[in-house]
Amino acid sequence: MNRTEIVTLLASESEREGILAQGWVRTRRDSKDFFFLELNDGSCLKNLQAVVTRDVPNFEELKAISTGASVSVVGKLIASQGKGQSWEIQANEVTLIGAADDSFPLQKKRHSMEFLREISHLRPRANLFGAIFRVRSRLSFSIHRFFQEHGFFHVHTPIITSSDCEGAGDMFKVTTIDIDKPPRSEDGFLDFSRDFFAQPTYLTVSGQLEGEAFATSLGKIYTFGPTFRAENSHTSRHASEFWMVEPEIAFCDLQQDIDWAEKFVKWVVKDILDTCKEDLELFFNFVDKGLQERLQFVVERPFHRVSYTEAVEILLAADRKWEYPVEWGANLQSEHERYLTEEHFKSPVTVYDYPKDIKPFYMRINDDGKTVAAMDVLVPGIGEIVGGSQREERLEVLLENMKKHGISEVDYGWYADLRRYGSVPHAGFGLGFERLLMFVTGVANIRDVIPFARTPGSA
RNA sequence: UGCCCUGUAGCUCAGUGGUAGAGCAGGUGACUGUUAAUCACUUGGUCGUAGGUUCGAAUCCUACCGGGGCAGCCA
């Protein structure tokens, strides 16, 4: 007999004889001659209530079934007499598959997030984490759907890279060198020619540069994969290993890039609202009271757009003391970004045309000579969720910029080639998958939306 | 990397210089439909670790270790 998933059973239209349900016991309630089991199999948030009476053959042996145990129940799906569920299973046969003794750490009460992080292998059996990881799965699918349905091709950019300055933070080294006896060249330096790849290699911090090679071939592409940052960041929004979405679009300028970013965020949030209703209810009720309204808002209202220069004027005019002074040419700080999105506009807002001196070498210089065609999408509660730009497509300007930023013309010759042969205006953006998931679920700490989180000092 | 908070039972916490506590979980029993079931009884602690102050330290001081928050950097 094949098992029927609980999500299917609970959606049943009529009674069903002879069904098999299997899952883990969330709680057990005993009476003298019968007991109730709450069974969860992960297929949905809700549990299936099983009613087990003395008529079941091995009733006495079933005392060993406790919270956390895995069981099989064969029986009849019937309308429930009790309140709180429409269907329940009247058991004919019950089998204990795997017992869980009283050391099972998940109890039928609220645990702190900190405690649950210590048992990351068991926490997906808790309601909240089951919901988070079901939504994570759907969000991943939504992202692929959006791009596939809009003519983008998925490109698998490399995870191991020899580019040591892809424009983002510190990198993890990849090596097979014996760190106790490293090979040295005659002048005493590490001899990477004797390393596995015969040169220094790292875990990628971004697939953007490789993505540009494919955008200028296939037209519209996206990457969606793991990225690694060796930054010593201790915040609730940073992880050392996270997933990033990076679309790259040929024949595209900055305003069109912003159009794509906004359309993408709206589309994906709408899809989650449509397909994850039950799990979202949990977040709305127990995680973040303002979440439902915020998600609705993102889907329905247009995002605001302001230039960096206008944003600075808004911040200077604000009746507010800043910890970091506001001044044209300085980066916007967390407090500034949050003010713009949470208080001034009270909606997602896209800031564009940043000063060129605070941005990386590949961004396109605007005609004013002072700013670059860069943009950040800011959302309430998280801050920056998308960062993107139009890329410099003019060979001479790019080469000059690389020189200014100390980028090797030899190592990045391939990147310059994209401008040397059939160069086109193109643009793209990067979006942190976990940050989007935090925004969608209202979960405040990035460690709680990653199955097994890697952060400084913890792996 | 800087600043701040925190560590007491399996879990969540109270206890601020005078013999270690509660709720939940666990155990035993009761109960004919429960819903974080209920009721009665009950097991459980080198108070993170190491020093120090004191007649006396969970409580005060120092160091180390663990957890967390904010900021910087970014996604």
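Below, chain A is the first sequence line, B the second, and so on; all start at residue 1. Since the structure is predicted, the reported quantities are computational estimates derived from the model, not experimental observations.
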Separation between the [atom1] atoms of [N] and [M], rounded to whole Å:
| N | M | atom1 | result |
| --- | --- | --- | --- |
| B/A63 | B/G23 | P | 38 Å |
| B/C11 | B/U46 | P | 13 Å |
| B/A22 | B/U32 | P | 31 Å |

Considering the options A/Phe147, A/Phe146, A/Phe264, A/Trp260, which one meets the ring-ring contact (aromatic ring centres under 6.0 Å, His included) requirement together with A/Tyr222?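 Answer after filtering A/Phe147, A/Phe146, A/Phe264, A/Trp260: A/Phe147.
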B/C60 pairs with, by Watson-Crick or G-U criteria that keep both distances under 3.5 Å: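 Across all strands, the one nucleotide that pairs with B/C60 is B/G52.
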Counting any heavy atom closer than 4.0 Å, what does [X] reach on the DNA or RNA strands: base, sugar-phosphate only, or nothing?
| X | answer |
| --- | --- |
| A/Leu436 | nothing |
| A/Glu323 | nothing |
| A/Phe242 | base |
| A/Asn232 | base |
| A/Glu88 | base |
| A/Tyr324 | sugar-phosphate |

Hey, does [Y] have a side-chain heavy atom less than 4.5 Å from the side chain of [X]?
| X | Y | result |
| --- | --- | --- |
| A/Lys220 | A/Glu248 | no |
| A/Asn127 | A/Arg26 | yes |
| A/Val351 | A/Leu378 | yes |

Can you check the [X] [atom1] to [N] [atom2] distance for me, whole Å?
| X | N | atom1 | atom2 | answer |
| --- | --- | --- | --- | --- |
| A/Met113 | B/G68 | CE | P | 12 Å |
| A/Asp448 | B/G67 | CG | P | 14 Å |
| A/Asp30 | B/G33 | CG | P | 13 Å |
| A/Asp101 | B/G27 | CG | P | 10 Å |
| A/Lys32 | B/U38 | NZ | C1' | 17 Å |
| A/His336 | B/A71 | NE2 | C1' | 12 Å |

Among [options], find the nucleotide with the atom closest to the side chain of [X].
| X | options | value |
| --- | --- | --- |
| A/Gln107 | B/G10, B/G69, B/U34 | B/G10 |
| A/Gln333 | B/C11, B/G72, B/G33 | B/G72 |
| A/Ser236 | B/G69, B/C11, B/U1 | B/G69 |
| A/Arg447 | B/G33, B/G68, B/C73 | B/G68 |
| A/Thr235 | B/C73, B/G33, B/U12 | B/C73 |
| A/Ser112 | B/C11, B/G33, B/U12 | B/U12 |
| A/Lys108 | B/A71, B/A36, B/G69 | B/A36 |
| A/Glu114 | B/G67, B/G33, B/U32 | B/G67 |

Please tell me if A/Arg117 has a side-chain N or O lying less than 4.0 Å from either OP1 or OP2 of B/G68.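 Indeed, a polar side-chain atom of A/Arg117 lies that close.
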Check whether any side-chain nitrogen or oxygen of A/Asn445 sits under 4.0 Å from OP1 or OP2 of B/G69, and answer yes or no.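 Affirmative; the distance criterion is met.
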Should the ring pair A/His111 and A/Phe115 be called parallel, tilted or perpendicular, given that the plane angle runs from 0 to 90° and is split at 30 and 60?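 Ring orientation of A/His111 relative to A/Phe115: tilted.
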Which class fits the ring pair A/Tyr339 and A/His344: parallel under 30°, tilted 30 to 60°, perpendicular over 60°?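 Tilted.
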For [N], does the base pair up with any side-chain atom of [X] as donor and acceptor (N or O, under 3.5 Å, distance only)?
| X | N | result |
| --- | --- | --- |
| A/His238 | B/C74 | yes |
| A/Glu231 | B/U1 | no |
| A/Gln81 | B/G33 | yes |
| A/Glu118 | B/G66 | no |

From A/Gln90 atom CD to A/Glu88 atom CD, the distance as rounded to the nearest 0.5 Å: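 If we round to the nearest 0.5 Å, A/Gln90:CD and A/Glu88:CD are 6.5 Å apart.
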